[in-house]
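Written below as structure tokens is the structure these notes are about.
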There are 2 protein chains.
Amino acid sequence: MGTTQLESVPEPKYWHLRTVLSEALDSEFEVGEILPNERDLAARFGVARATLRQALEQLELEGRLQRRRGVGTTVAPPRVGVAVGTREHAWPGAADDAWQAADCHLAAPPAAVADVLETDRDEPVHTVRRSRVSHGQPVAAELLYVPPSSVPDLTAIDAPSGPARARAVLRELQRGDLERQESAVELGSAGADDAKELDRLPGAPVLVVTTRYLAEGRTAALSVATYRADTCRLTFGDFGDVEIHHGPETRAS
Amino acid sequence: MGTTQLESVPEPKYWHLRTVLSEALDSEFEVGEILPNERDLAARFGVARATLRQALEQLELEGRLQRRRGVGTTVAPPRVGVAVGTREHAWPGAADDAWQAADCHLAAPPAAVADVLETDRDEPVHTVRRSRVSHGQPVAAELLYVPPSSVPDLTAIDAPSGPARARAVLRELQRGDLERQESAVELGSAGADDAKELDRLPGAPVLVVTTRYLAEGRTAALSVATYRADTCRLTFGDFGDVEIHHGPETRAS
DNA sequence: GAGTGGTCTAGACCACTTG
DNA sequence: AAGTGGTCTAGACCACTCT
């Protein structure tokens with residue numbers, strides 16, 4: 001008698017809300033459109049703001065919504081496909097790659113990285129910081145670890161750090177005939193530094209792509225890249241412009 | 001002057017808590033060990049339970065903790081590497097694959113799937129449901145869509161559905177000389193059905209792997225698999241037993 | 001300064017597992 | 001029955017972005 005009708009199955013309110021909102025997004029909203037604010041929405045659905053927020057968080061995780069403090073909640077565009085497994089787009093130093101070298105310095109890497117690179121734990125390696133932009137939005141932040149032995153011809157003349165140095169390291173690495181790469185993808189949360197670079201809050205979900213580049217049977221470099229999980233769909237192979245997944249309801253029968 | 005000291009940088013409490021707990025997990029806890037319950041932990045740190053829970057949720061997202069209703073919170077083992085991009089483990093119908101065919105029926109797929117398969121939207125396709133188990137734990141649930149044209153020699157004699165039928169479809173698909181596959185990975189949340197199969201609650205974070213199998217230049221089958229994001233690290237290539245990422249703090253310098 | 005989302009609280013009740 | 005994590009509430013205040 002109050003709003004609509006009681007559920008015999010005690011489905012959580014926030015989950016039901018998520019479904020209702022998801023359908024509303026499909027039928028009644030355009031990409032980029034601004035939703036009513038959280039207090040209004042909560043009142044409209046007769047729930048506490050915390051409950052409404054739980055539903056919005058789900059939808060944001062699924063890439064359906066975008067929320068910005070001080071601004072509002074907008075309908076997100078479909079996720080952009082980001083090529084991760086191809087030589088053209090992802091190999092360090094490729095000509096037309098979408099990466100922008102930001103900085104480089106020589107330092108001892110984390111122990112786990114040194115183990116993979118098979119260097120001594122306190123041996124300094126070139127550490128290149130890059131960021132990747134797609135459609136005008138920052139989508140990834142990367143740290144690339146390059147042992148000096150992988151770039152033997154690197155001249156020590158230039159500035160020891162800075163973007164120019166980063167490009168030089170990448171160029172030399174590219175000359176070393178990279179054979180293949182092995183990648184792993186897992187879920188993580190953005191640290192304070194990554195969050196700032198990705199224009200997100202700390203703790204934002206990211207897809208962590210760890211890639212090992214192999215040359216002549218050994219590990220020539222190691223990359224740890226964090227991609228914005230809300231806006232990115234990582235593609236391996238040429239799975240470029242296909243869009244399939246759109247929430248759990250995809251699998252009707 | 002109450003507990004410890006005020007932060008000049010207004011770092012959120014839950015984020016600080018996450019860091020403190022993360023370090024405690026590294027130094028003071030063993031894998032599988034049970035943490036104190038949420039009410040005790042919240043009291044110990046002098047925060048509301050909701051705030052404590054926010055920190056625990058982060059850690060669970062990062063694969064550090066495992067929480068089960070009615071039981072408690074335990075320290076999670078390192079994520080298991082799950083091969084996704086190799087012929088041996090991931091191709092449908094491979095001999096030693098880790099998949100277990102659960103069911104199969106003939107039905108019209110979602111419109112987006114039909115578009116990729118280049119079939120008519122109301123043309124029924126074989127829909128195989130499989131689940132993947134690793135180390136005794138369910139890690140993935142998959143729906144595999146196979147157009148009848150990809151399995152021309154499939155006999156219509158056997159039962160039209162059920163595990164046996166599923167295996168028959170996979171076997172015939174395998175005979176069709178799959179050439180290569182293209183995959184995409186994105187973050188999603190488990191629907192009610194997937195959640196149950198993965199032993200999680202609805203809305204649990206999952207890595208959605210969409211794979212297109214190609215044979216003779218056309219799409220022979222399409223797979224949509226949801227992997228538990230908390231326990232899985234997806235590997236492409238032979239990136240098997242390497243473990244690197246361990247929270248945002250990995251990138252010390 | 002007004003309006004937005006982000007954080008935090010203190011409490012309640014529910015669903016589930018286990019002894 | 002007791003103990004756990006999961007859901008929900010009603011309110012407060014903060015950080016941020018706009019105008």
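Letters A, B, ... are given to chains in the order of the sequence lines, protein chains preceding strands, and every chain is numbered from 1.
Spacing between atom CD of E38(A) and atom P of dG3(C) amounts to 16 Å, rounded to whole angstrom units. Rounded to whole Å, the distance from CZ on R53(A) to P on dC8(C) is 11 Å. One can place CG of L52(A) at 9 Å from P of dG5(C), the figure rounded to the nearest angstrom. Nucleotide dG6(D) holds its C1' atom 13 Å from the CD atom of Q58(A), rounded to whole Å. Nucleotide dG3(C) holds its C1' atom 12 Å from the CD1 atom of I34(A), rounded to whole Å.
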Solution key, residues 44-52 of chain B side-chain donor-acceptor pairs under 3.5 Å, sequence neighbours excluded:
from: R49(B); atom 1: NE; to: E38(B); atom 2: OE1; distance (Å): 3.0
from: R49(B); atom 1: NH2; to: E38(B); atom 2: OE1; distance (Å): 3.0

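E57(A) is linked by a salt bridge (charged side-chain N to carboxylate O under 4.0 Å, His left out) to R53(A), R67(A), counting only residues two or more places apart in sequence or in another chain. For S223(B), the side chain to side chain donor-acceptor pair (under 3.5 Å) partners at least two apart in sequence or on another chain are E142(B). D103(B) is linked by a salt bridge (charged side-chain N to carboxylate O under 4.0 Å, His left out) to nothing, counting only residues two or more places apart in sequence or in another chain. Every residue two or more places apart in sequence or in another chain was checked for a side chain to side chain donor-acceptor pair (under 3.5 Å) with D199(A), and none qualifies.
Here T73(B) reaches the OP1 or OP2 of dG5(D): one of its side-chain N or O atoms lies under 4.0 Å away. Between T51(A) and dT7(D), a side-chain N or O to OP1/OP2 separation shorter than 4.0 Å is absent. Of the side-chain N and O atoms in N37(B), none sit less than 4.0 angstrom from OP1 or OP2 of dG3(D).
The side chain of Y14(B) lies closest to dT7(C) when the candidates are dG5(C), dT9(D), dT7(C). Taking the side chain of P12(A) as heavy atoms from C-beta on, and the options dG5(C), dC8(C), dC8(D), the nearest nucleotide is dC8(D).
Residue-level contact check: L56(A) touches neither bases nor backbone, having no heavy atom under 4.0 Å from any strand.
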* Asked: Nucleotide by nucleotide, 5' to 3', does protein get under 4.0 Å of the base (B), only the sugar-phosphate (S), or neither (-) in nucleotides 10-19 of chain C, counting heavy atoms?
  -> --BB-BBB--
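Put simply, the side chain of R79(A) gets close to the backbone of A229(A): a donor and an acceptor are under 3.5 Å apart.
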